[in-house]
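Treat the numbers as computed from the prediction; the structure is a model and nothing was measured.
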Amino acid sequence: MSYSFVLFDFDGTLCDSAEGIIQGMNLTFAAQGRPRPSDDAVRGVIGLRIEECFLRLCPDLAPEDIPTWIAIYREEYLSRGHLLNRLFPGVEETLAGLKRRGVIVGVASNKGQPGLERAVESLGIGAYCDLLAGARTDLPRKPDPGFYRSCIAPSLPGIAPDQVLMVGDTSTDLRFASNVGMPACYAAWGYGNREECLALRPRYVSESPALLAGIWK
């Protein structure tokens, strides 16, 4: 199958960002005088909306306190956490190969837009990306199809959702694809729960970035 556009999740799909996210969460919890969550617990929420991350990691957190926690986390991540990011093996070569095929490449993330842009540039993959769609204040986020309509579709005139392949490592990404009408590829090398993701019946399953090229053959 040939797709005109491929849309990648960022954390856990293109970028092995767990170390920086865990550090940012630890510093945020410490700043708020709370015991830090386990590393596995943090990995388990990567890809969710940041508000949901905090509520899962700290269920008794008062809703009115969430904006303060988010501000602390983002300050820590933007100043230090992003420096720990690294690409998963084979990602850059895969992106370069897609560009040689003439495929449009985008990134769709629940990471805030400024953080996404900074992370992509710091990893040196900005030249491969035609579209960066991160979370914006007061706009929908994955898996809400409104995220596609507001942040992605305007950049893809004439391209139907069934010509867009969504590649992501979590159920959030796969449900987003289903809600929009996009075929999905489960990025099994990432952080998502494998059983949960396979239960959503993605069209493709890839065990590594390098194997994605086989979809276009």
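In this structure, F8 and I125 have side chains that are not in contact, with every pair of non-hydrogen atoms separated by 4.5 Å or more. Contact of the L200 side chain with the S178 side chain is not registered, since no non-hydrogen atoms from C-beta on lie closer than 4.5 Å. Residues L61 and Q32 form no side-chain contact, since every pair of their non-hydrogen atoms from C-beta on lies 4.5 Å or further apart. D40 is listed as a side-chain neighbour of R43, based on a closest heavy-atom distance under 4.5 Å. Here the side chains of L131 and I104 are not in contact, with every heavy-atom distance at 4.5 Å or above. The side-chain heavy atoms of I152 and F147, taken from C-beta on, include a pair separated by under 4.5 Å. In this structure, the side chains of R34 and T28 stay at 4.5 Å or more apart for every pair of heavy atoms. Using a 4.5 Å heavy-atom cutoff, the side chains of V42 and F29 are not in contact.
Looking only at distances, no side-chain donor or acceptor of T170 sits under 3.5 Å from a matching main-chain atom of G47. Without hydrogens or angle criteria, N26 side chain to R36 main chain gives no donor-acceptor distance under 3.5 Å. One N or O on the side chain of N110 and one on the backbone of K142 form a donor-acceptor pair closer than 3.5 Å. The closest donor-acceptor contact from the side chain of D130 to the backbone of V105 lies under 3.5 Å. Listed for the S79 side chain is a donor-acceptor partner under 3.5 Å among the backbone atoms of E76. A distance-only check finds a donor-acceptor pair linking the side chain of Q113 to the backbone of L132 [under 3.5 Å]. One N or O on the side chain of R136 and one on the backbone of G134 form a donor-acceptor pair closer than 3.5 Å.
Salt-bridge check for E51 with R141: passed, with a basic side-chain N closer than 4.0 Å to an acidic carboxylate O.
When all heavy atoms of A187 and D169 are compared, the closest pair comes out as O-CB, 3.4 Å. Nearest heavy atoms, L14 versus D9: CG-O, 3.5 Å. In terms of heavy atoms, P209 sits closest to F88 at CG-CB, 4.3 Å. A pairwise comparison of heavy atoms in C197 and P202 identifies O-CD, 3.5 Å as the closest pair. Residues P37 and L57 come closest through the heavy atom pair CB-CD2, 4.0 Å. Annotation for S17 and Y191: closest pair N-OH, 2.9 Å, computed over non-hydrogen atoms.
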For C58 and D60, what are the C-alpha separation, side-chain angles and deciding distance, and is it a side chain to side chain contact (heavy atoms under 4.5 Å, CB included)? CA-CA 6 Å; C58 188; D60 63 341; 3.3 Å; yes

Could you walk me through whether D144 and N179 satisfy the side chain to side chain contact (heavy atoms under 4.5 Å, CB included) test, starting with their C-alpha distance in whole Å, then the side-chain angles of each, then the deciding distance to 0.1 Å, before giving a yes or no? CA-CA 7 Å; D144 189 326; N179 291 342; over 6 Å; no

Hey, mind stepping through T13 and W189 against side chain to side chain contact (heavy atoms under 4.5 Å, CB included) and telling me if it holds? CA-CA 7 Å; T13 301; W189 63 86; 4.0 Å; yes

Go through the steps for Y77 and N85 under the test side chain to side chain contact (heavy atoms under 4.5 Å, CB included), then give the verdict. CA-CA 10 Å; Y77 183 82; N85 289 345; 2.9 Å; yes

Any chance you could lay out the side chain to side chain donor-acceptor pair (under 3.5 Å) test for Q23 and E19, step after step, and finish with the verdict? CA-CA 6 Å; Q23 175 181 276; E19 189 176 355; over 6 Å; no

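The neighbour count for E64 CD, taken as heavy atoms of other residues, nucleotides or ligands under 6.0 Å away, is above 12. In D138, the CG atom is not crowded: 12 or fewer heavy atoms of neighbouring residues, nucleotides or ligands sit closer than 6.0 Å.
Note that the CG atom of L116 and the NE2 atom of H82 stand 12.5 Å from one another [nearest 0.5 Å]. Distance CD1/I46 to CD1/I21: 4.0 Å, rounded to 0.5 Å. Between the CD1 atom in I215 and the SG atom in C185 there is a gap of 4.0 Å [rounded to 0.5 Å]. The CE atom of M182 sits 11.5 Å away from the OH atom of Y3 when rounded to the nearest 0.5 Å. Within the model, atoms CZ of F10 and CG of L123 stand 5.0 Å from one another, a figure rounded to the nearest 0.5 Å. In this structure, the separation between CZ on R203 and CG on L174 is 13.0 Å, given to the nearest 0.5 Å.
Following chains of ILVMFWY side-chain contacts shorter than 4.5 Å, one can reach V6 starting from L87, so the two form part of one hydrophobic cluster. Note on L55: it clusters hydrophobically with I22, by side-chain heavy-atom contacts below 4.5 Å among ILVMFWY residues. Hydrophobic clustering, with ILVMFWY side chains joined whenever heavy atoms are under 4.5 angstrom apart, groups L48 together with I66. Hydrophobic clustering (side-chain heavy atoms under 4.5 Å, transitive across Ile, Leu, Val, Met, Phe, Trp, Tyr) keeps L7 apart from V167. The hydrophobic cluster containing L165 also contains L212, counting ILVMFWY residues as joined when their side-chain heavy atoms lie under 4.5 angstrom apart, directly or transitively.
Between F54 and W69, the ring planes lie perpendicular to each other; the angle is over 60°, past the 30° to 60° tilted range.
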